[in-house]
Amino acid sequence: MDERFEYSVSDSMTIPLRGQLLRLKLLSGAPSVKAVAAGVRVRLRTPDGRERVIRILDHAITGGNVTRQRLDRTRELDIVVPNDDAAIDGESIGIGWRISGPVSD
């Protein structure tokens, strides 16, 4: 099964002492829960094409645990990334940025 995916950032907010919460909307692919799990490295891309590799720190569990059924039904995912990964060239992650992956080592 091809694990490639692309999400668009639909919201971004700071969680004090934890990191940056990103609400993602699936654009393409059908990633497994493992492909978007904590510790997985993904590619972050700005609307103007700048990129960097970041890692998923954790899932935000405000809507419950992440399951295959939930990913298929909502096509949305909330993740937390470390503060150090929450910007490119000093610009904070914003709406319309893209997350794709997985990035292999």
Any link between [X] and [Y] through a network of hydrophobic side chains (Ile, Leu, Val, Met, Phe, Trp, Tyr) touching at under 4.5 Å?
X: Val80; Y: Met13; answer: yes
X: Leu44; Y: Leu26; answer: yes
X: Val66; Y: Leu57; answer: no

If I take atom [atom1] from residue [X] and atom [atom2] from residue [Y], how far apart are they, to the nearest 0.5 angstrom?
X: Asp48; Y: Ile88; atom1: CG; atom2: CD1; value: 8.5 Å
X: Arg98; Y: Thr46; atom1: CZ; atom2: OG1; value: 11.0 Å
X: Ile79; Y: Tyr7; atom1: CD1; atom2: OH; value: 9.0 Å
X: Arg23; Y: Ile95; atom1: CZ; atom2: CD1; value: 11.5 Å

May I ask you to say whether Arg70 pairs ionically with Glu76, meaning some side-chain N is under 4.0 Å from a carboxylate O? no
Salt-bridge criterion met for Arg45 and Glu6 (N-O under 4.0 Å): yes
Is a donor on one side and an acceptor on the other found under 3.5 Å between the side chain of His59 and the backbone of Leu77? no
Hey, does the side chain of Arg4 reach the backbone of Ser100 with a donor-acceptor pair shorter than 3.5 angstrom? no
Using side-chain heavy atoms (C-beta onward) and a distance below 4.5 Å, is Arg41 in contact with Pro102? no
Residue pair Ile93 / Val81, side-chain heavy-atom distance below 4.5 Å: yes
Where do [X] and [Y] come nearest, in terms of heavy atoms and distance?
X: Ser10; Y: Leu24; answer: OG-N, 4.4 Å
X: Lys34; Y: Val40; answer: O-CG2, 3.5 Å
X: Ile56; Y: Val42; answer: CD1-CG1, 4.2 Å
X: Trp97; Y: Ser92; answer: CZ2-O, 3.3 Å
X: Ala87; Y: Gly90; answer: CB-C, 4.2 Å
X: Leu21; Y: Ala60; answer: CD1-CB, 3.1 Å

With side-chain contact (heavy atoms from CB on, under 4.5 Å) as the test, would you mind laying out the steps for Ile54 and Asp84 before giving the verdict? CA-CA 9 Å; Ile54 64 172; Asp84 293 344; over 6 Å; no
Going by atom types alone, do Ser12 and Gln20 pair a side-chain donor with an acceptor below 3.5 Å? yes
Could you walk me through whether Leu22 and Asp11 satisfy the side-chain contact (heavy atoms from CB on, under 4.5 Å) test, starting with their C-alpha distance in whole Å, then the side-chain angles of each, then the deciding distance to 0.1 Å, before giving a yes or no? CA-CA 6 Å; Leu22 305 177; Asp11 200 2; over 6 Å; no
